[in-house]
Amino acid sequence: MNMSSSFCAIDFGTSNSAVAVPQTDAGMRLIELEPGQRTMPTAVFYYAEGPHDADGPPRAFGRAAVAAYVEGHDGRLMRSMKSILGSPLIDQTTDVGGGRGAKYADIVSGYLKRLRRLAGEPERAVLGRPVFFVDGEPERDASAQAQLEACARAVGFREVQFQYEPIAAAFDFEQQAIREGKGEQIVLVADIGGGTSDFSIVRVGPERMQRLARRDDILASHGIHIAGTDFDRHIELAGLLQEFGYRATGPSGREIPSGIYFDLATWHLINTCYSPLRVAEWRGMKSWFSDVRQHARLMTVLEERLGHELAARAEGAKIAVSGGEDTTVDLGHIETGLVLPLSEKTAVDALRADLDRIIATAHETVALAGLKADQIDALYFTGGSTGLRLLVDGMAAGFPQAARVSGDRFASVATGLGLHAQRVFAPAAA
């Protein structure tokens with residue numbers, strides 16, 4: 001078998017994905033998934049029109065999928081597909097436009113098929129997985145991994161192995177530390193992405209790097225199902241949707257029902273807000289609103305299907321305030337001249353409970369390893385959400401003696417998965 005296509009490693013992320021394959025000489029490399037890009041948004045756009053081909057209905061992937069949605073093509077944008085794993089939704093069919101339906105499992109498989117093709121259609125793969133797909137429910141967690149494995153096998157992977165994403169990131173950190181001449185260390189890996197915040201305590205060092213079996217070096221792993229998409233939802237609820245009636249009180253003194261707002265702020269539920277019955281129900285609720293402008297804004301979002309765009313602007317606002325600056329959100333496409341301020345304080349207040357839980361989970365991981373905070377030599381941050389200064393500073397404050405190291409937020413896990421895949425599969429491929 002050709003070495004370049006014998007195996008690969010896939011970081012199938014909630015927000016972004018990456019793939020590592022063997023190099024022709026030695027080692028692993030991340031491949032371009034789009035021109036000039038080693039990572040690709042975990043996004044699929046189903047066009048409402050166009051003929052099926054051998055791969056199924058007409059689709060765009062990654063940045064092209066997001067662009068198709070932004071440009072106004074008729075169809076359905078799917079993101080955060082990883083969050084579906086472990087839920088009953090995986091076997092359900094959803095409307096993807098043009099009278100077409102697709103099973104969520106087939107949507108995940110279609111994206112994995114795209115990654116496999118770009119990797120040269122290997123038959124072996126290491127896939128990353130969070131420490132917990134589902135918090136506190138071992139059966140659903142196991143089901144989520146089984147569902148992901150079934151999707152991978154359905155697109156041609158004959159052998160599938162899994163590695164925890166934060167442990168893969170530890171392997172990437174280890175390689176960097178050895179290049180810098182560092183000796184043995186105990187590292188707390190914080191992998192905080194779009195769907196989960198995962199932590200591992202790993203012993204790394206030059207004498208340990210060559211071992212295939214690293215179980216004894218993994219002192220603890222822990223995680224929580226709170227991360228970037230939750231941050232986006234809280235920012236949208238606190239910073240944007242209050243101008244659409246969220247938490248508002250109507251003339252009768254009753255609070256406007258909040259379910260529609262939570263669904264508008266949850267990416268994979270946004271499409272449910274557009275059903276004719278639901279739109280008609282909210283059209284008839286104008287009298288519930290003291291401020292009829294809020295009702296008009298909400299109806300514009302529902303009738304013109306602008307929920308995904310609103311969520312994207314909330315995500316952009318989160319990124320804008322992540323470095324500590326205030327920002328504004330232009331919603332002129334919903335109401336002429338509507339521009340909402342978002343201060344760092346509003347963001348802090350909206351995210352505080354989530355940030356505290358994530359930081360507490362990091363300390364719980366240290367306790368599970370039987371260690372104290374001052375025994376951690378380094379903190380290694382990876383995952384897209386570690387760009388949030390509030391989170392990184394808050395976590396580092398609890399480990400003042402530890403070196404603070406930032407990896408490639410979007411590629412460290414894939415790089416580490418590639419190192420693991422090479423150790424597992426290279427002897428068989430040679």
Side-chain angles (χ1 to χ4, degrees), residues 43 45-49 65-80 89 94-101 229-318 327-342 346-347 350:
F45 185 85
Y46 282 78
Y47 291 98
E49 298 180 352
V66 177
Y69 173 78
V70 171
E71 291 166 5
H73 290 274
D74 190 15
R76 172 88 183 273
L77 177 65
M78 302 294 297
R79 292 186 66 181
S80 302
L89 284 174
T94 186
D95 175 24
V96 292
R100 294 168 169 155
T229 55
D230 300 286
F231 303 159
D232 298 343
R233 183 170 64 253
H234 291 311
I235 291 291
E236 185 171 353
L237 288 167
L240 306 186
L241 289 177
Q242 292 195 19
E243 296 300 322
F244 294 74
Y246 172 60
R247 302 192 73 176
T249 301
S252 67
R254 291 179 297 181
E255 186 172 298
I256 294 169
S258 60
I260 192 75
Y261 301 103
F262 283 102
D263 290 350
L264 278 173
T266 305
W267 194 279
H268 64 276
L269 295 178
I270 292 172
N271 206 58
T272 66
C273 300
Y274 304 147
S275 69
L277 284 176
R278 204 168 188 189
V279 173
E281 176 188 12
W282 279 92
R283 189 181 298 118
M285 292 178 64
K286 184 176 180 179
S287 62
W288 284 61
F289 289 72
S290 296
D291 186 342
V292 295
R293 293 176 303 170
Q294 294 178 349
H295 180 260
R297 292 167 188 159
L298 177 62
M299 293 315 302
T300 297
V301 171
L302 298 181
E303 293 173 348
E304 298 186 19
R305 299 190 169 210
L306 297 175
H308 292 93
E309 176 63 23
L310 191 60
R313 299 206 179 194
E315 180 183 13
K318 175 197 70 178
T327 191
T328 58
V329 186
D330 186 350
L331 299 179
H333 64 299
I334 295 173
E335 178 186 292
T336 301
L338 181 60
V339 178
L340 303 181
L342 179 67
T346 298

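Taken to the nearest 0.5 Å, the CZ atom of Arg233 stands 13.5 Å off from the CH2 atom of Trp267. Taken to the nearest 0.5 Å, the CZ atom of Arg100 stands 14.5 Å off from the OG1 atom of Thr94. To the nearest 0.5 Å, atoms CG (Leu310) and CZ (Arg297) are separated by 11.5 Å. Note that the CZ atom of Arg76 and the CG atom of Asn271 stand 3.5 Å from one another [nearest 0.5 Å]. With rounding to the nearest 0.5 Å, the separation of CD in Glu335 from CD in Glu243 is 9.0 Å. Taken to the nearest 0.5 Å, the CZ atom of Arg305 stands 10.0 Å off from the OH atom of Tyr69.
Put simply, the side chain of His295 gets close to the backbone of Trp282: a donor and an acceptor are under 3.5 Å apart. A donor-acceptor pair is defined here as one N or O able to donate and one able to accept, closer than 3.5 Å; such a pair exists between the side chain of Thr266 and the backbone of Phe262. Side-chain N or O atoms of Arg283 include none that pairs as donor or acceptor with a backbone N or O of Met299 at under 3.5 Å. Judged by distance alone, the side chain of Tyr46 and the main-chain N or O of Asp95 form no donor-acceptor pair under 3.5 Å.
Partners of Arg278 under the salt bridge (charged side-chain N to carboxylate O under 4.0 Å, His left out) rule, at least two apart in sequence or in another chain, are Asp263. For Glu304, there are no salt bridge (charged side-chain N to carboxylate O under 4.0 Å, His left out) partners two or more places apart in sequence or in a different chain.
The aromatic rings of Tyr246 and Tyr261 sit tilted relative to each other, their planes meeting at an angle between 30° and 60°.
Taking every heavy atom of both residues into account, Ala311 and Glu236 meet most closely at CA-OE1, 3.4 Å.
Leu264 is listed as a side-chain neighbour of Leu302, based on a closest heavy-atom distance under 4.5 Å. Taking the side chain as every heavy atom from C-beta outward, Ser290 and Thr249 never approach each other to under 4.5 Å. Looking only at side-chain heavy atoms (C-beta outward), Phe244 and Leu331 come within less than 4.5 Å of each other. Within the 4.5 Å cutoff, the side chain of Leu342 has no heavy atoms near those of the Leu340 side chain.
Heavy-atom neighbours of Glu49 CD from other residues, nucleotides or ligands within 6.0 Å: at or below the threshold of 12.
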